[in-house]
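As structure tokens, the structure follows; a few thoughts come after it.
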Amino acid sequence: MNGIGYTALAGLLFLLAGVPAASANVINQSSDPYFATQFFFYCGPYTSSFEPNKHYIANNGQCTYSVPATLSGNKQLLLLKGVPGVGATTVGGDTENYPGTLMSQYPNIFGTPAVNDKYFAVIYEVSLDQGPTPLIDYLLGVTSTMPAGAVLGQNFYLLPWQWGPKPVEDFEPVVVVPGILGSWEKDGVWLMDPVLHTYDNLLDTLRANGYVDGQTLFPFPYDWEQTNIDTAYQLGQKIQEIKTACGCGKVDVIAHSMGGLAAEYYIAGDGYQHDIDQLVLLAVPQAGAPLAYKAWEGGEFDFGKIAYNALAQIKFYLEARKNGYSSIFDYIQGKPILSVQELMPIYSYLRTATTTPIYPTGHPANNFLESLQINLPVDLWSGGFSIGGARLTVATAAGQSTQNGYEVAPSTNPPRWEHGEPTSTLFSDGDGTVPQDSSEFMFGPDKTFYDNDHNSVASSSAGYIFEAFNSRAPDTIVGKIYNPVTSFLYLQLFSPIDMQVVAPDGKRLGKNFANNTEWSEIPDAFYSGFNSDNEYAIIPNPLPGEYKVETVGTGGGGEYTIVSSYSNLATTTQTELTGATTPGEVIDHTLALSPTTTTVIITIDTPPQEVTPKKCVQDVETAYLNHWITKKSVYTRLLADCRLLGKLFKTRDSMGQSPDKNKKPSDKSLRGINTSIKATLDRMEKLINHKSNTQEAVDLLNQDITWFRENELH
């Protein structure tokens, strides 16, 4: 050995001297056989194993080793800085001979290492240091040759890693799990909130700093009407797919709102494979949200944000109708929509004028959330919490008045409000949807974003989340400002039809009938696609005026229905139209959206009725009788001109019907007749637009003039 090697070894042996079994520097954490399956190693603040050769910034203090089942007798635990067989110094070490499978070792003093400094953790049988060539000589770099008896993966395990923030190539895959109303279906595929763009800035910030879709970034939209138990199972399947594709052992998860409950249920379940490294819970209702009570017991949506309320109310009404339910309440309880039930609080949030029953007495029970809180494997460590070995980061929003409970009275509309109909609302601090007490029910927040609401916190937390995952601040934070939704138009089809919509400015949305592609010209609008039976379109902040809704018959044809809903977030109106179609038949509809009210009307366009001089007379008489024409002189002149047109048309037509085929009317004669017709129409148009006439008279009679100009002038 050279002098340096002997000095390092002597220091290590001094550290370990006089310890016949296990030093006070080693703690037996677990005897769970799971930890004996392979070699794990990590140091705080991390709570799951480092991956070989990747970057980490650990704290001075405690590190944790697993003890593989192939090791026997006393074991040596070492943490070293350097490269085995080349040169290394000891950071910490100790021996143990307890039969445990997970050991914590301390103290480990890192000092002030530089980025990319190499470290490695080792566990091996102490007997490997008792021969003529001790394994410790190889580990310290005294020799580049391992002893003959050392067999990596049997009696000797080693995990190398590097100090520092993670470069792009070290990024673990990130799965982003949205909350309720955070996914929308298009052509049978779920998308991340394409309507209100809740997660766009979060996802775009991750992309801008090196995450790549399909490689290290995986949005996880899902059917949020289903039970969280099913979502948790699907999340587990997705994580297995990602691990197989990347050849990695773990992923990071960002879970917003109800998505956090699904992620927690996955971790609490028997199928969990300890494959989440870091979990960010973002505005998660750990103890439920009182707003869910209104939806479950009354069929009323009140998510704390007006746009969400209106969207949810319309969407659930249409889903109820499509599935044959007479009301939203019947649909939510009859299907049932278990995700809504699973969001109800598990604390006392209902009271009467005289009593405050203690949950679950007098409250609807939430067995899902109760069970989750009991079974969630939570560990407390010096830096915070972990769940099932996943390092936990909790971010919340606050500073918003939030519904925290209700005073209730007996229902005036049973079977609604089984546990009481709200008569007044109780408020507390929170994010406008989830009370702060609920989002902090089990875990105090690592970060609170003040003056953010339940949805905007997904954007505001993007930089913070990136740094939590990678131990460095992002280079870029995307903070695109989307137009606030102050109104929206929602069109729902009940087959057998597809549609395309033309806005008042000529921009289109929906199916391109010419080539079976899609139009997507209307800004911020969302179209569900035409490859499923559930076809719909949502246009935020729609222009007022006339929309053309063109449909084409599909399948075998038959009766169809279009339901149009318009909300200005204060009130919502709906109208519907039912018609019949045949396969391939194109039918034009006009949707009129009033610029001053919430009125929306949709009608089938019919070919204009043929206008004759006789109808012209009838329309003038109608306008006069309804007092739309108020001056008798205007009325008399218009009647005379209608009758004059009849004579002119008759003269012109008789000129072309002479029995003498060789006697044709002269061009001059025809021009004279047309000149007279045009002059009559010009005079009538001036009379129709006389200031004494009402708009009803103008609209009615100008239709007649337009017909005559388009069909009777040659």
N-O pairing of Glu610 and Lys615 below 4.0 Å:
no
Residues passing the side-chain hydrogen bond (donor to acceptor under 3.5 Å, both in side chains) test with Arg709, sequence neighbours excluded, are Asp682, Glu685
Within the 3.5 Å criterion, strictly below it, is a donor on Thr590 or Asp605 matched to an acceptor on the partner's side chain?
yes
Starting at NZ of Lys647, measure out to CD1 of Ile677 and round the result to the nearest 0.5 Å.
14.0 Å
Is it true that Ser532 and Asn534 share a donor-acceptor pair across their side chains at a distance under 3.5 Å?
no
Fit a plane to each ring of His256 and Tyr199, take the angle between them on a 0 to 90° scale, and name the class: parallel (under 30°), tilted (30 to 60°) or perpendicular (over 60°).
perpendicular
Sorted by chain and number, sequence neighbours left out, side-chain hydrogen bond (donor to acceptor under 3.5 Å, both in side chains) with Thr706 holds for none
If I take atom CG from residue Leu701 and atom CH2 from residue Trp628, how far apart are they, to the nearest 0.5 angstrom?
9.0 Å
With sequence neighbours excluded, residues passing side-chain hydrogen bond (donor to acceptor under 3.5 Å, both in side chains) with Gln341:
none
Could you check whether Glu421 and Thr412, counting side-chain N and O atoms only, form a donor-acceptor pair closer than 3.5 Å?
yes
Ignoring hydrogens and angles, state whether a donor on the side chain of Ser495 or Glu535 is under 3.5 Å from an acceptor on the partner side chain.
no
Cationic tip of Lys322 within the cone over Tyr331's six-membered ring, i.e. under 6.0 Å and within 45° of the normal?
no
